[in-house]
Structures are given as C-alpha cells and as structure tokens.
Q: 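Can you read through this structure? Questions will come right after.
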Amino acid sequence: MSEKVKKPFYKKWWVWLIAVILLIAIVNPGSDEAESQEKAETSGPATKNDSKGDGNKKETAEEKKKEKVEKEEKKKDEPKSFAIGDTVNVGKMVYRVNEKSVANQVGPKVLPQKASGQYVVIDVTLKNDGNEAVTVDSSFFKLKRGEKTYEADTMGSMSANQSDDGNIDNSFFLQSLNPDSEITGKVVFDVAPEVAESNDLQLQVQTGFWGTETEIIDLK
C-alpha cells in the first residue's frame, strides 16, 4: 500500500478562509463603531442648532413686537397736524378753517374798521357736537407764531362779519350755539405787517372759555 501524501497547510481551503476573514477585519477596523459615532455627531449638533434657531426666531418676534409698541406710543405722543380745510374735533366742538387772508381794513364799505398794523382774517366754521348750547366767543381762537400768541381783535371780528347794510351775522361775540348747529364767520387778528405776511402762522382752537382741550391748525 502506498502512503497518503499530506498537503501542506497553506494549501488547505479553511486556511485561506481564515486568512480572508482576518484581512477584512484588518482593512475595516471598528466600522460599526465609526458609523455609530458618525450618526451621533450628525444628529447631536443638528438638534443643538435647531434649538438655537428656535430661540433666535422667538427673540426676533419679541423684538418686532417691542418695536411695534414703541412706534405706536411714539405716534400717540406726536402732535397731530391739521391744515386749512381739515375737520378738527376739540372736545365737543368741531372746527374747520375755510380760508386765511390778509387785509388793511375789514367791514362795510361805508364805515370800515382799519388795522393798527395788518389784519389776519380767518374764515372758520364751528359746530357744536355736544348735548348743550355753547356760548361762542372770539376768545376761542388764538393766532400763534412760534412761542408767541396773539389774541383776536373783538371789534375787528365784529366789523368783518358786518354786511354793507349794517347787519352782523355770526360775529363770534358771545353768540349762543345750540347742539348740532354750526356757524361760519370771520375771526380777525390785528398784528404787525411782518407777522401777518409770515408763512408759519398757526391757529389754536379750544373747547370753550377755559380751553381745557386745544388743537393747532397750520395756516400755510
């Protein structure tokens, strides 16, 4: 009988199988661990950034809300601006300046009233929006230029509202005005010529004799 020849160990199939497994292990060490770590690093910062992003959004919304409130408060504090032709509510009284003019004299042609300086004539409509009659007077009106205030000329105002036949209508001199009624007339101010011709005059109107509420109308 012939003896069976043994194969060298490196020619056995299971040796090569073990070698391949070892080679794979050496080439990709800790692949599962690396993959897990990569997932953790990817998910971790994203969650943090998302949280930070939500905080920024909240902070931005609060800032916008604060800015809106500040703008509204600032708008309330700003003085209202009215011009000729505007309807101006002051308490229960409603004013509207129709026209502003300058003259050396006012009144009927026969007996006009002459200005010491120059007249500023304001044509104005006044309505009583309250529930009781109001005694209207020219003292309801004041002419302003910067810090200076000019009172209405009573005689000039009466004369300006007097027609050529001598009748006086709506003189704004202690005239009773019932609720829902309105009157239109002229209020006159006797001022220096340079004041009369200036372009920064304003008319102050008020609720009544006490002037607890006032508004300013630009006469440009």
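Because only heavy atoms are used, hydrogens play no part in the values below, and waters and symmetry mates are left out as well, while side chains stay in.
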Q: For residues Val106 and Val97: do they belong to one hydrophobic cluster (side chain heavy atoms under 4.5 Å, members Ile, Leu, Val, Met, Phe, Trp, Tyr)?
A: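 In one cluster: no.
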Q: Taking the side chain as C-beta and beyond, is there a heavy-atom pair between Asp123 and Thr184 under 4.5 Å?
A: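 Result yes, sub-4.5 Å side-chain heavy-atom pair found.
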Q: Centroid-to-centroid, Phe141 to Tyr95, below 6.0 Å?
A: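 Yes, ring centres under 6.0 Å apart.
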Q: Within this structure, what is the CG-CD distance for the pair Asp218 and Gln202, rounded to the nearest 0.5 Å?
A: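 The CG atom of Asp218 sits 4.5 Å away from the CD atom of Gln202.
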Q: Given the rule that I, L, V, M, F, W and Y join up when any side-chain heavy atoms are under 4.5 Å apart, are Phe140 and Leu143 in one cluster?
A: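 Yes, Phe140 connects to Leu143 through the hydrophobic network.
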Q: Looking only at non-hydrogen atoms, find the nearest pair between Lys100 and Ser198 and report the distance.
A: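 Scanning both residues completely, I find the closest heavy atoms to be NZ-O, 4.0 Å.
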Q: How close do Ala103 and Gln118 get, heavy atom to heavy atom, and via which atoms?
A: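 Ala103 and Gln118 have their closest heavy atoms at O-CG, 3.6 Å.
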Q: Restricting to non-hydrogen atoms, name the atom on Lys114 and the atom on Tyr119 that form the minimum distance, rounded to 0.1 Å.
A: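 Closest approach of Lys114 to Tyr119: O-OH, 3.2 Å.
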Q: Are Asn178 and Asp180 packed together at the side-chain level, in the sense that at least one heavy-atom pair is separated by less than 4.5 angstrom?
A: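 The answer is no, as the side chains (C-beta and beyond) never meet within the 4.5 Å cut-off.
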Q: I'd like to know if Val188 and Leu219 are part of one continuous hydrophobic network [Ile/Leu/Val/Met/Phe/Trp/Tyr, side-chain heavy atoms within less than 4.5 Å].
A: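 Leu219 does not cluster with Val188.
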Q: Does the side chain of Val195 reach to within under 4.5 Å of the side chain of Arg145, using non-hydrogen atoms?
A: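 Yes, their side chains come closer than 4.5 Å.
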Q: From Ile216 CD1 over to Lys142 NZ, what is the distance, rounded to the nearest 0.5 angstrom?
A: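 Here the interatomic distance stands at 10.5 Å.
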Q: Considering all heavy atoms of both residues, which atom of Thr154 and which atom of Ser138 are nearest to each other, and what is their separation?
A: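 Residues Thr154 and Ser138, closest heavy atoms: OG1-OG, 4.0 Å.
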Q: How long is the straight-line distance from CD of Glu99 back to NZ of Lys186, given to the nearest 0.5 Å?
A: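 Going from NZ on Lys186 over to CD on Glu99, the span is 7.5 Å.
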Q: For residues Met93 and Leu177, report the shortest heavy-atom separation together with the two atoms involved.
A: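 Minimum heavy-atom separation between Met93 and Leu177: CE-CD2, 4.3 Å.
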Q: Does the side chain of Asn128 reach to within under 4.5 Å of the side chain of Ser181, using non-hydrogen atoms?
A: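 No, side chains not in contact.
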Q: Test of understanding: clusters of I, L, V, M, F, W, Y form through side-chain heavy atoms closer than 4.5 Å, transitively. Do Phe172 and Leu174 belong to the same one?
A: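 As far as the 4.5 Å side-chain criterion goes, Leu174 and Phe172 are connected within one cluster.
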Q: If the test is side chain to side chain contact (heavy atoms under 4.5 Å, CB included), which one of Val124, Val90, Val187, Val94 qualifies with Val205?
A: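 Among Val124, Val90, Val187, Val94, the one meeting side chain to side chain contact (heavy atoms under 4.5 Å, CB included) with Val205 is Val90.
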Q: Which atoms form the tightest heavy-atom contact between Val120 and Val191, and what is the distance?
A: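 That closest heavy-atom pairing would be CG2-CG2, 3.8 Å.
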Q: Going hydrophobic residue to hydrophobic residue with side-chain gaps under 4.5 angstrom, can you get from Tyr150 over to Leu203?
A: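 Both belong to a single hydrophobic cluster.
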Q: With rounding to the nearest 0.5 Å, note down the distance linking CG in Asp129 to CD in Glu182.
A: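 Answer rounded to 0.5 Å: 10.5 Å.
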